[in-house]
Protein chains: 2
Amino acid sequence: MEAMQVGLAGLGTVGTGVAKILLEDGAWIERRSGTQIRLKRIADLDLDRDRGISLESVETSTRVEDILEDREIRVMIELMGGIEPARSFVLDAIAAKKHVVTANKALLASHGTEIFQAAEKNGVHVGFEAAVAGGIPIVRSMREGLAADQVHSIVGIINGTANYILSTMAEEEMEFPDCLRQAQEKGFAEADPTLDVEGQDTVHKLAIMIGLAYGVQVHPEEIFTEGIQRVTGMDIRYAADLGYRIKLLAITKMREGELEARVHPTMIPESHLLASVGHVFNAVYATGRHTGPVMFYGKGAGMMPTGSAVVSDLVSLARDMCRGTRNDLPPLGFYGRFPQDVRLRRMEDLTVKYYMRFPVVDRPGVLSTIAGILGEHGISIHSVIQKGRQKAGPVHIIMLTHEARERDVREALEVIDRLEVALDKSLFIRIEDSFDSLHEE
Amino acid sequence: MEAMQVGLAGLGTVGTGVAKILLEDGAWIERRSGTQIRLKRIADLDLDRDRGISLESVETSTRVEDILEDREIRVMIELMGGIEPARSFVLDAIAAKKHVVTANKALLASHGTEIFQAAEKNGVHVGFEAAVAGGIPIVRSMREGLAADQVHSIVGIINGTANYILSTMAEEEMEFPDCLRQAQEKGFAEADPTLDVEGQDTVHKLAIMIGLAYGVQVHPEEIFTEGIQRVTGMDIRYAADLGYRIKLLAITKMREGELEARVHPTMIPESHLLASVGHVFNAVYATGRHTGPVMFYGKGAGMMPTGSAVVSDLVSLARDMCRGTRNDLPPLGFYGRFPQDVRLRRMEDLTVKYYMRFPVVDRPGVLSTIAGILGEHGISIHSVIQKGRQKAGPVHIIMLTHEARERDVREALEVIDRLEVALDKSLFIRIEDSFDSLHEE
């Protein structure tokens, strides 16, 4: 059996992990693949930096074209990240009948349809196990393991940086800016943490999971996104008092033919399994029509977990080659027209329970005024906490609502924020506990 | 594309789930498979019982031979259970170049090598996603998702009946016999619960997971097994006081070329994710060299979860047929000689921490006598609980040890049990907390 030759575009953190595994674990990989996987070429703009691995056996260059033009190379591993030039190189590789393995969630979220359709046309495969939740084999689990089932909903913690910050805020009673700085010092957050803390990275991964679950493409811009910057230590403590934890969740549900898709800080019951997913760990909690709830947990990022996920896609390709397969399984595991049409549920129609906090003047009648305004908007209150004033400054009235409509909540809060007694803007956090009933037998 | 015709041997609970999905979800299955999957024949000894599904479109008979002799049938689904005649029918199907999909863990655990080698020789595939942890796609995750990684250890809760009983004993402060009766009444335990409560079912699944992780075959009889019958409410309460939960765990670890494989009630820290896996749910916690810890959670049994897992194997076969594949991926995902040799670690060499309970006479000096005997056997004590006597009867001295050797523990306890002050046999429970360090970042 001839070795499967591969080229690696992008020798950053994950690329280094991939090179390490391919160069150092050759015997294991061959035993798993049925053939050798030979890392023939690496392209990266910076070839001088010491990555702690010997690249003697590999042809290195600064030009991705050297991989594209090498006809012996059957698979291009794209680990450059970002949209361009990654998109063009991926499409060029596919046009040259090379399989592609990528961890590029931003690219797949925004140009998945284009890339998948090109792959189908050229009879090659696009592997992207590493693009969602790093070391957790969620892509295969959804495409193959749950292939016979119909997924009703997915709720995921799929950004390690955001989860680290929220976990640390809770455990060490810190505020967001200090936690972010600590995460950066420890290497859990990047110098520019925007994509992670503002939710965009989570949105990219959610868009890919929506494709895997429903065979539809939703553009990242269509997904409602709210980051974790507004979450305060006070809200985390009130949440804890009420039996909840705050997590940045990616949520999608198929309901009466409409697709819900949103990313925001969310309060979940502390008894739920997802509430125990701490620090940089990721978890995806999916509910299938037949299977019921399943959860997948592990490291969502990092050199070796994500590198291992990339190599698992190479192993699958090598196995297929051994078996003489055409390698044209649809990347999302759906046959027929892709993408299917879908109607997105408008965010203003969302109906969930809400946590609300009102910083107000400590004066008789304020509580009843607020409750009255909520009532006028059809929002019914489940419980209230109002603690005595501690020092100077506002008191905080905390309310948990029954199920209410997002549009009504926004309108009511606008009215309340204009009250003379309002000392600061009110804050609300959506609650997710309806999936819990599925958790019980 | 021609439909893939399949025959189903065994119309019990899981078989009914499979028939339901194939007969009722045809459009979905075709979209996932690229072709129709047609349930052509069902064989079962009892064809009269009403299963709530219409079998009009299916040819039914009481003879599995009718499936074996039907040359249009490409896949036999074996859901008879037990060793014979299931084994013979599976081998006959393979000899007739039919693929086999089975949920029969007892069969694969004891005759896996024979069946897998026959499949390889005949160029057919054996699917068994449903044989381990029902609705959780653990087989694919280990064979494909983690293919590039090397698994160091697996710790699993993979018997729903045992987990239901232990969870209920803890939550409702009940004793084992009452809990078992309740589980039987609720349909969570069979009339003959032996395989579940004595650990054999867990052993079967562990043997299969060992094959998937290491490419070796370990016979079920070689795996140390202890059931949950001896666990008392008192031990569960002491465990809770000490910050632990008691679970029936399947454990395997590769250490210095030796394989550890054991099934027994185990104390795990209540902060560990596995401790939150309650009721009939299953979870598998694996640690990979590169990936670190991953956990897979879901329903391990039941008509629809397990039925869905069976159909996921059919979908994979149908996809392969669409693509013209030879379908001879080694069932465990290892190429080359199978099984590989492995040396099993002897149970007496096991080194873990222990929980011990001594029912003794309430008399001065007893504690020091026991501690002395433990010390003579090289067992060092971490902590002691001795509560005042409540009524007549023994006091219970509880000890947690540092790491100790199983052989020393057994010898020491034999000496202690012969003491005049010993009012009943002592009891010990192994503690598993070393995997916890891997849980943290």
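These values consider heavy atoms only, across backbone and side chains, with no hydrogens, waters or symmetry-generated copies.
- In this structure, B:Ile21 and A:Ala148 approach most closely via the heavy-atom pair CG2-O, 4.4 Å.
- In this structure, CE in B:Met295 is found 4.5 Å from CE in A:Met295, a value given to the nearest 0.5 Å.
- Of the listed residues (B:Glu129, B:Arg140, B:Glu30), the one with the most heavy-atom contacts under 4.5 Å to chain A is B:Arg140.
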Quick one, B:Thr291 with A:Met304, criterion side-chain contact (heavy atoms from CB on, under 4.5 Å). Give me CA distance, side-chain angles, the key distance, then yes/no. CA-CA 6 Å; B:Thr291 313; A:Met304 299 318 288; over 6 Å; no
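- Heavy atoms of B:Leu146 lying under 4.5 Å from chain A belong to its backbone as well as its side chain.
- For a residue to count as touching a neighbouring chain, one of its non-hydrogen atoms must lie under 4.5 Å from one of that chain's; by this rule B:Asp149 touches chain A with backbone and side chain alike.
- Proximity of B:Tyr297 to A:Leu273: side-chain heavy atoms (C-beta onward) are separated by under 4.5 Å at one or more points.
- At least one side-chain heavy atom of A:Lys299 sits less than 4.5 Å from a side-chain heavy atom of B:Pro293.
- In this structure, no portion of B:Thr306 lies under 4.5 Å from any heavy atom of chain A.
- When the candidates A:Ala283, A:Gly302, A:Gly145 are compared by the number of heavy-atom contacts under 4.5 Å with chain B, A:Gly145 comes out ahead.
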Stepwise side-chain contact (heavy atoms from CB on, under 4.5 Å) check, B:Tyr335 with A:Arg319: CA-CA 10 Å; B:Tyr335 288 80; A:Arg319 285 173 174 177; 3.5 Å; yes
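- B:Phe334 carries A:Arg32 over the face of its six-membered ring, with the cationic atom under 6.0 Å from the centre and within 45° of the normal.
- Interface with chain A: from residues 307-314 of chain B, residues B:Ser308, B:Val311, B:Ser312 qualify, criterion being any non-hydrogen pair under 4.5 Å.
- Between B:Ala147 and A:Trp28, the closest heavy-atom pair is O-NE1, 3.3 Å.
- Note on B:Pro305, B:Gly298, B:Gly215: by heavy-atom pairs under 4.5 Å with chain A, the leading option is B:Pro305.
- Note: A:Ser141 OG to B:Ile138 CD1 = 8.5 Å, rounded to the nearest 0.5 Å.
- Contact check for B:Arg289 versus A:Asp25: side-chain heavy atoms found under the 4.5 Å cut-off.
- For A:Arg31 (side chain) and B:Gly333 (main-chain N/O), no donor-acceptor pair under 3.5 Å exists by modelled atom type.
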